[in-house]
Amino acid sequence: DTEVTQTPKHLVMGMTNKKSLKCEQHMGHRAMYWYKQKAKKPPELMFVYSYEKLSINESVPSRFSPECPNSSLLNLHLHALQPEDSALYLCASSQDKGSWRTQYFGPGTRLLVL
Amino acid sequence: AQKVTQAQTEISVVEKEDVTLDCVYETRDTTYYLFWYKQPPSGELVFLIRRNSFDEQNEISGRYSWNFQKSTSSFNFTITASQVVDSAVYFCALSETSGNEKLTFGTGTRLTIIP
């Protein structure tokens with residue numbers, strides 16, 4: 001079973017709101033990722049967690065705050081976002097850290113910031 | 001620095017035609033991995049294939065086949081007898097093993113299958 005789930009599917013928020021995106025995998029993977037994808041562009045890596053510890057932060061603004069409560073869950077807390085943050089946010093997981101590992105992606109959360 | 005080029009931005013073919021999506025990569029590593037992902041309109045990236053640099057055997061999976069040629073740094077993807085469900089954006093990606101933790105994606109090819 002190569003399933004990664006993400007909630008919510010769609011999210012509309014104002015610039016003063018606080019919201020969270022959730023990601024879950026039950027494949028026993030120890031690495032989890034957040035990507036941001038703008039329309040007609042490839043995904044851009046934001047964060048990598050390995051064994052529940054933050055491994056990579058691609059200089060993402062602090063209004064995005066990741067959290068990995070356990071090996072199956074990954075959250076992305078959003079606060080004071082800007083309209084340009086509107087995008088598809090994809091979560092992925094892999095057996096272990098290392099870009100040569102196959103990453104399995106969730107369906108994404110389509111975020112609109114008004 | 002590693003780079004992936006998908007020169008075809010958009011391709012349209014009539015159903016049942018064969019179509020090839022091109023992928024050209026650049027890397028200084030001798031050990032690397034190449035991937036293809038499919039992204040249908042729903043948004044999820046679906047993993048299709050991973051190949052390492054030491055395995056140049058072509059691969060076939062149903063209507064899908066991949067042609068890996070190190071001599072031309074290409075990893076092309078062919079869909080035989082295309083179907084409407086094949087309509088999607090296809091991404092080629094490269095991973096090096098020399099400490100780079102990131103997948104490098106190409107810009108994607110939007111494939112439309114016309115019924």
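The chains referred to below are lettered A, B, ... by the order of the sequence lines, with proteins before strands, and numbering in each begins at 1.
- Inspection of the A/S94 and A/H29 side chains reveals no N or O donor paired with an N or O acceptor under 3.5 Å.
- Ring centroids of A/F64 and A/F47 are separated by 6.0 Å or more, keeping the two rings apart.
- There is no contact between A/E44 and chain B, counting heavy-atom distances below 4.5 Å.
- At a 4.5 Å heavy-atom cutoff, the contact between A/R101 and chain B is made by backbone atoms alone.
- Checked by atom type, the side-chain pair B/S87/B/T112 shows no donor-acceptor distance below 3.5 Å.
- Neither the backbone nor the side chain of A/Q6 comes within less than 4.5 Å of any heavy atom in chain B.
- The number of heavy atoms from other shown groups lying within 6.0 Å of NZ (A/K19) does not exceed 12.
- When heavy atoms are compared at a cutoff of 4.5 Å, B/Y32 does not approach chain A at all.
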